[in-house]
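One structure is given here, and the rest of the page talks about it.
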Number of protein chains: 2
Amino acid sequence: MITNKQRLTSQKKIIMDYLASVDTHPSAEIIYQAVKRKLPQISLGTVYRNLKQLKKSGQVIHIPYRGTTYFDANLKLHHHFICLNCGRIIDFWSSTQNLNNVIGKQTDIGKIESYKLIFYGKCHKCFSEEE
Amino acid sequence: MITNKQRLTSQKKIIMDYLASVDTHPSAEIIYQAVKRKLPQISLGTVYRNLKQLKKSGQVIHIPYRGTTYFDANLKLHHHFICLNCGRIIDFWSSTQNLNNVIGKQTDIGKIESYKLIFYGKCHKCFSEEE
DNA sequence: TGCTTATTAGTAATCATTATTAAATAGATA
DNA sequence: TATCTATTTAATAATGATTACTAATAAGCA
């Protein structure tokens, strides 16, 4: 029998509160440092475990960049702009997605040099192999 | 004085040839395994170093997924579809970029469940701080 | 052909993340 | 409220991907 009930621990609450309080996109390590100020005995593994769970349950999204994962608890549909110089990840609230002439465009955040668009789903092969 | 001349070594050539020959999106490890069949003494570090250089000079693009980096030498503008079930990364040649109603859409590759759009460039802050 | 410097193989080190485990605790139930 | 049990925790070891280091090799220009 599988019981799969998520429990709201103080650790998870503090992690979620922290994520809700920032408009940056912190890594697990940064979250750990911040959260440790309120809960000094928390361990980095706990931060990772909770982030994984929150990701799985759709409460946070993640942005991979240069080998590390950055987190975002803002679930309103938006995109991201990453500064190739300082590494900052900035929310990008564009209404239109005409990507045809976007390269070189000046936006309110900065100048777009490139972009990456990745779709996720289930391929036909996997779909047809389902039991 | 800075000299920055790239040399075409046999290792680099074989890596590029391999990437040009596939329509999959191999990781450094997979590339290493493939390339080793032609050049048995090649080392994994050499593969990584060359991929890094090719990336820097714009000859390959990379797709990060679940902690590993996948490579693509096809420079024609296209996107990617990642199967959340089998992990396969498939080229996605969509002509339109209307992302508004894309979730749930059935495509010739599979069913889209989500997507990620990331822009890269230089933020205003970094631009203005330039000397 | 010789010279200079980028590149290599081999290996150690690093970084981000996950696994392991015994103890603690959330939250359901008596 | 006390009890119970599966989930979560802290601490730490382990893993996986990637980078750094170093002496030897080899592009490719003069």
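Chain naming here is simple, since letters A, B, ... match the order of the sequence lines and numbering starts at 1 in each. All values below were derived from every heavy atom in this structure, side-chain atoms included, with hydrogens, water molecules and symmetry-related copies excluded.
B/F71 and B/F92 fall into different hydrophobic clusters, where Ile, Leu, Val, Met, Phe, Trp and Tyr are joined by side-chain heavy atoms under 4.5 Å apart, directly or via other members.
Residue A/Q11 has a polar side-chain atom (N or O) positioned under 4.0 Å from OP1 or OP2 of D/dA10. At the phosphate of C/dT7, OP1 or OP2 sits under 4.0 Å from a side-chain N or O atom of B/Q53. A/T9 has no side-chain polar atom (N or O) that falls below the 4.0 Å cut-off from OP1 or OP2 of C/dA26. The phosphate of C/dT17 (OP1 or OP2) has a side-chain N or O of A/Y48 nearer than 4.0 angstrom. Regarding contacts with the backbone of C/dT17, a side-chain N or O of A/T69 is found under 4.0 angstrom from either OP1 or OP2. Side-chain nitrogen and oxygen atoms of B/T46 include none within less than 4.0 Å of the OP1 or OP2 phosphate oxygen of C/dT7.
Between A/Y115 and B/H79, the ring-plane angle classifies as tilted under the 30° and 60° cut-offs.
Nearest-nucleotide assignment on DNA chain D puts the 5′-proximal partner with A/V47, out of B/G67 and A/V47. Mapping B/S10 and A/K12 onto DNA chain D by nearest heavy atom places A/K12 at the nucleotide closer to the 5' end.
Using a 4.0 Å heavy-atom distance criterion, A/S27 is classed as making no nucleic acid contact. Looking at heavy-atom distances under 4.0 Å, A/E29 makes no contact with the nucleic acid at all.
Rounded to an integer number of Å, the gap from CG of B/L44 to C1' of D/dG16 is 11 Å. Following rounding to the nearest Å, A/Y32 (OH) and D/dT9 (P) show an atom-to-atom distance of 14 Å.
Among D/dA17, C/dA16, D/dT9, the nucleotide with an atom closest to any side-chain atom of A/N50 is D/dT9. Of all nucleotides listed (D/dA17, C/dA9, D/dA10), C/dA9 comes nearest to the side chain of B/S43. Side-chain proximity of B/K52 to the nucleotides C/dG27, D/dG28, D/dT19 is greatest for D/dT19.
Evaluation of atom-type donor-acceptor distances gives no pair under 3.5 Å for the side chain of A/R49 against the base of D/dT8.
Residues B/H62 and B/D72 have side chains that never bring a donor and an acceptor to within less than 3.5 angstrom of each other.
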